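Heads up: the structure comes next, in structure tokens.
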Amino acid sequence: MMDFDFDLFVIGGGSGGVRAARVAAGHGATVALAEEYRMGGTCVIRGCVPKKLMVFASAYPASMAEARAYGWRASCEGFDWSRFRSALHAELDRLESVYTRNAEAAGVALFHQRARLVDPHTVELADGSRHRARHILIATGGRPWVPEKFSGLGAMTSNEIFLADRLPRSILIVGGGFIACEFACILQGLGVEVAQYYRGAQILRGFDDDLRAHVAAEMAALGIGLQVDTDLVDLERLQDGRFAATDTRGARREFDQVLFATGRSPSTEGLGLVEAGVRLAGNGAVIVDDYSQTSVPSIFAVGDVTDRVNLTPVAIREGQAFADTVFGARRQAVDHSLVASAVFTRPEAGTVGLTEAEAREQGPVAVYMTTFRPMQSAFAGGESRVMMKLVCDRDSEKVLGCHIVAPGAAEMIQLAAIAIGIGATKADFDRTIAVHPTMSEEIVLMRAPLRSD
Ligand code: NDP
């Protein structure tokens, strides 16, 4: 009989790790958690939360311009970054202490240190102390990845942006994914001159093509210098600290700052995983089964470190399912299909289910789509358009995917995800009486298909 100090040792105090620790403790397990940086992880400290607060901050100039059309004498000048940054960090401090308090209140022993595995049941902390645990959970998340030839030049990633001393006057954003598009809109809204280079033909690869085109057009209309089919080939740090960027089209342009949003990679380096027998994928992600169990039976992993669906609510669900399975006698696998997500561009994009191209691979489809100028901004003379799209199985009329680009799309898609999750058909949408006057009523008022196979 082996002696253990804890039933569970969690490495990583982010969304997935903290949920797993608290739930396991609630099931009666003795739990420890090690976090080397700040409790709350990427989402709370340098991701979703500060990003969303910056999204709010960045929207005010456009709101004020609209307010003038509605009769207000309103202006929005002189964004004070340091004042905003202080308030932002005060809020992050508050949230971090909530995470710490909640974990401690659940009885979790916290170690504010880096941890690594020694063997399938032993964790070693930075101070050299060793702890034996019946189960170990790897919840170390991911980190921004920058192409090697551009690292070390002092360019930013999403990690640094919240800590910047001041906002640059101009910035080049490299990438066309979630982070690149969100920060292009945020920084443009805060008054920064934004250029964005994306190496492919259209931003937001993996999303529905109509959604991608719509978001790209709206971003360009905001004044973002989005260039697709353009990649960075050379980056030089100038004497004055600015950057000179040469792109694949041969242009050389100077920018105050460069932000790499070229993807994230799982944080597995130096954790002793391979040595303990844990199998990793080629990109370093921990390979797990449906129950988040690794190739070593006592070691589990949840969240971005497993590179399944890299979203906070998914990590939370995986942490919950792991704790319920191992400590709650309730075996649970997480269903990774039909996970709704949102990109906080301006306007934002919400999506759930299959893209039109994915649906067509499964069989004939009927596609319903509308674009229009929403009442609120159209009244103010705005040209911005929203887009709503339903992708349906042509024969059964089951709604397979919903894609929305609109102010509030993230809020709308949450509700659409419930309907689609329970298998709603186009007839169910049609039967629903509109809520008027709203933008979202259009989702139940699309009568004729735009395309049908
Ligand atoms: P993404 O994987 O979404 O995007 C990475 C982008 O960088 C892609 O456009 C990719 O191009 C490009 N890229 C990759 N390698 C290179 C290279 N060597 N040179 C030039 N361009 C390159 O990653 P993000 O960093 O934007 O976001 C990471 C994850 O975080 C997301 O996938 C998402 O899961 C999560 N996230 C979610 C948010 C939300 O829910 N709102 C917000 C932010 C992040 P290509 O398409 O050609 O591969």
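Read the numbers this way: they start at 1 and go in the same order the structure lists the ligands and their atoms. All residue numbers refer to positions in the sequence shown, counting from 1. Quick caveat, the model's predicted, so the values are computed rather than measured.
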Verify the ring-centre separation between F322 and Y291: is it less than 6.0 angstrom? no

Taking a cutoff of less than 4.0 Å between a non-hydrogen atom of the residue and any ligand atom, is A261 in contact with ligand 1? yes

Go through the side-chain N and O atoms of S292 and R308 and say whether any donor and acceptor fall under 3.5 Å apart. yes

Please confirm whether Y197 comes under 4.0 Å of ligand 1, counting heavy atoms of the residue only. no

Lys/Arg-Asp/Glu bridge criterion (N-O < 4.0 Å) met for D210, R451: yes

Which one holds for D304 and ligand 1: side chain close, backbone close, both close, or neither close, with close meaning a heavy atom under 4.0 Å? neither

Nearest non-hydrogen protein atom, atom 1 (P) of ligand 1: G177 CA, 4.2 Å

Donor-acceptor pair between T325 and R331 side chains, under 3.5 angstrom: no

Quick one: look up the protein heavy atom nearest atom 48 (O) of ligand 1 and list residue, atom name and how far away it is. R205 NH2, 2.7 Å

Quick one: closest heavy-atom pair of Y197 and D247, and the distance? OH-OD2, 3.4 Å

Quick check: does G175 get an N/O under 3.5 Å from an N/O on ligand 1? no

What atoms of ligand 1 come closer than 4.0 angstrom to any heavy atom of Y198? 9 (O), 11 (O), 45 (P), 46 (O), 47 (O)

Would you tell me which option among R264, K52, E348, R199 has the nearest heavy-atom contact to atom 13 (N) of ligand 1? R199

Which heavy atom of A417 sits nearest a heavy atom of A340, and at what distance? CB-CB, 3.9 Å

Determine the minimum heavy-atom distance between L137 and A20, stating which atoms define it. CD2-CB, 3.3 Å

Give the residue and atom name of whichever protein heavy atom lies nearest to atom 42 (C) of ligand 1, and the separation in Å to one decimal. E182 OE1, 3.3 Å

Relative to the heavy atoms of K51, which atoms of ligand 1 are at a distance of less than 4.0 Å? 41 (N), 42 (C)

From C43, G47, G263, G206 - option closest to atom 5 (C) of ligand 1 by heavy atom: G263

Looking only at the side chains, is there a donor atom on one of Q376 and E66 sitting less than 3.5 Å from an acceptor on the other? yes

Between L311 and ligand 1, which part of the residue brings a heavy atom under 4.0 Å of the ligand: side chain, backbone, both or neither? side chain

Quick one: does S341 get within less than 4.0 Å of ligand 1, heavy atoms only? no

Heteroatom distance test (I179, ligand 1): nitrogen or oxygen, under 3.5 angstrom: yes

Shortest protein heavy-atom distance from atom 34 (O) of ligand 1, along with the residue and atom involved: N310 O, 2.8 Å

Geometric N/O contact P147 with ligand 1, under 3.5 angstrom: no

Donor-acceptor pair between Q320 and R19 side chains, under 3.5 angstrom: yes

Shortest heavy-atom approach to atom 7 (O) of ligand 1 - which of I203, T262, I173: T262

So for S158 against ligand 1, with non-hydrogen atoms under 4.0 Å, the contacting part is neither

Taking the six-membered ring for Trp, are F84 and F162 closer than 6.0 Å centroid to centroid? no

Non-hydrogen atoms of A184 and M219 that approach each other most closely: CB-CE, 3.8 Å

Minimum distance, heavy atoms only, to atom 41 (N) of ligand 1: which one of P313, G176, C48, A342 is it? A342

Taking both backbone and side-chain atoms of W145, is any N or O found less than 3.5 Å from an N or O belonging to ligand 1? no

Look at atom 32 (O) of ligand 1 and say which protein heavy atom is nearest, naming residue and atom and giving the distance to 0.1 Å. F178 CD1, 3.8 Å

To the nearest 0.1 Å, how far is atom 20 (C) of ligand 1 from its closest protein heavy atom, and which atom is that? D231 OD1, 3.5 Å

Distance col, row F260:CZ vs S151:OG, nearest 0.5 angstrom, shows 8.5 Å

Q293 versus V296, closest heavy-atom pair with distance: CG-O, 4.5 Å

